[in-house]
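Everything quoted here is computed from the prediction, not taken from an experiment.
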Amino acid sequence: NEMKKYLYLFLLILCASCSHHNKVDDVVISYWNAHKGEKNVVIDFSKCFDFEWDTLCFYSVGCSLDEINQDLGFELAEYTDLADRMVFLNHKKWAYTAGWWYDPEEPKGIIISTKNNIFKVSYHKAKFKIKREGNIFILEPLDF
């Protein structure tokens, strides 16, 4: 039982440390910092990443691993409970995953503003208005 506690703590620390430095964070935060003086800050994800992708899938914290795997059509290898995640696909295969585990004491991360637990957008339509609330960056999809 003591071992489980340490393992759980280790996983929490691991998730927290991984989730604060990913390519989506780096891109959105640096873009925000460069454009925050503008009235509407709009980021075009098709111009932002150093990996090939054609579809972005966003799964909110409300999605189970089963739902995500069923939606993707394959097993998502990297998975932590209680996280929002973006999975980038290239020809229906995994390209990149970014995830955000939330600490209610200190919320930070990136979310896509959507009414659904699952949101998908193609490479050519992945444009978002960025809003910042504290350390949370909210991406509002355009063209829908």
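- Counting heavy atoms from C-beta outward, I112 and M86 have side chains that approach closer than 4.5 Å.
- At a threshold of 4.5 Å between non-hydrogen side-chain atoms, the residues L72 and C57 count as touching.
- Rounded to the nearest 0.5 Å, atoms CG (L56) and NZ (K125) are 14.0 Å apart.
- Using a 4.5 Å cut-off on side-chain heavy atoms (C-beta onward), F58 and D84 make contact.
- W100 and D25 are linked by a side-chain donor-acceptor pair at a separation below 3.5 angstrom, with hydrogens and angles left out of the test.
- The side chain to side chain donor-acceptor pair (under 3.5 Å) test applied to N90 returns no partner, not counting sequence neighbours.
- The distance from atom NZ of K131 to atom CD1 of I138, rounded to the nearest 0.5 Å, is 7.5 Å.
- The number of heavy-atom neighbours closer than 6.0 Å to CD of E38, taken from other residues, nucleotides and ligands shown, is above 12.
- In Q70, the CD atom is not crowded: 12 or fewer heavy atoms of neighbouring residues, nucleotides or ligands sit closer than 6.0 Å.
- With hydrogens and angles ignored, the 3.5 Å screen pairs a side-chain donor or acceptor of R132 with a backbone N or O of G134.
- Counting heavy atoms from C-beta outward, F45 and V28 have side chains that approach closer than 4.5 Å.
- Applying the salt bridge (Lys or Arg N to Asp or Glu O under 4.0 Å) test to K47 and every residue at least two apart in sequence or in another chain returns D44.
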Could you go step by step and tell me if K129 and L139 meet the side-chain contact (heavy atoms from CB on, under 4.5 Å) rule? CA-CA 6 Å; K129 184 193 249 185; L139 302 180; over 6 Å; no

Step-by-step side-chain contact (heavy atoms from CB on, under 4.5 Å) determination, W94 to F74: CA-CA 9 Å; W94 178 88; F74 59 85; 3.9 Å; yes

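- Here the side chains of P141 and T114 are not in contact, with every heavy-atom distance at 4.5 Å or above.
- Looking at heavy atoms from C-beta onward, D50 lies in side-chain contact with K23 at the 4.5 angstrom threshold.
- With a 4.5 Å cut-off on side-chain heavy atoms, V42 and I130 do not count as touching.
- Scanning both residues, A95 and W53, for their nearest heavy atoms gives CB-CB, 4.5 Å.
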Show your working on side-chain contact (heavy atoms from CB on, under 4.5 Å) between I111 and I136 and close with a plain yes or no. CA-CA 8 Å; I111 58 172; I136 295 179; 4.2 Å; yes

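- The main-chain N or O of E67 is never found under 3.5 Å from a side-chain atom of D71 such that the two would form a donor-acceptor pair.
- A donor-acceptor pair under 3.5 Å is absent between the side-chain atoms of Y123 and the main chain of T55, judged by distance alone.
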I43 and W32: CA distance, side-chain angles, deciding distance, side-chain contact (heavy atoms from CB on, under 4.5 Å) verdict: CA-CA 9 Å; I43 189 167; W32 171 263; over 6 Å; no

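- The CD1 atom of I68 lies 11.5 Å from the CD atom of E75; values are rounded to the nearest 0.5 Å.
- Salt bridge status for D54 with K92: absent, with no side-chain N to carboxylate O gap under 4.0 Å.
- Side-chain atoms of S60 and N117 form a donor-acceptor pair, as typed in the model, at a separation below 3.5 Å.
- With sequence neighbours left out, the salt bridge (Lys or Arg N to Asp or Glu O under 4.0 Å) criterion links K93 to no other residue.
- At a threshold of 4.5 Å between non-hydrogen side-chain atoms, the residues F49 and F88 count as touching.
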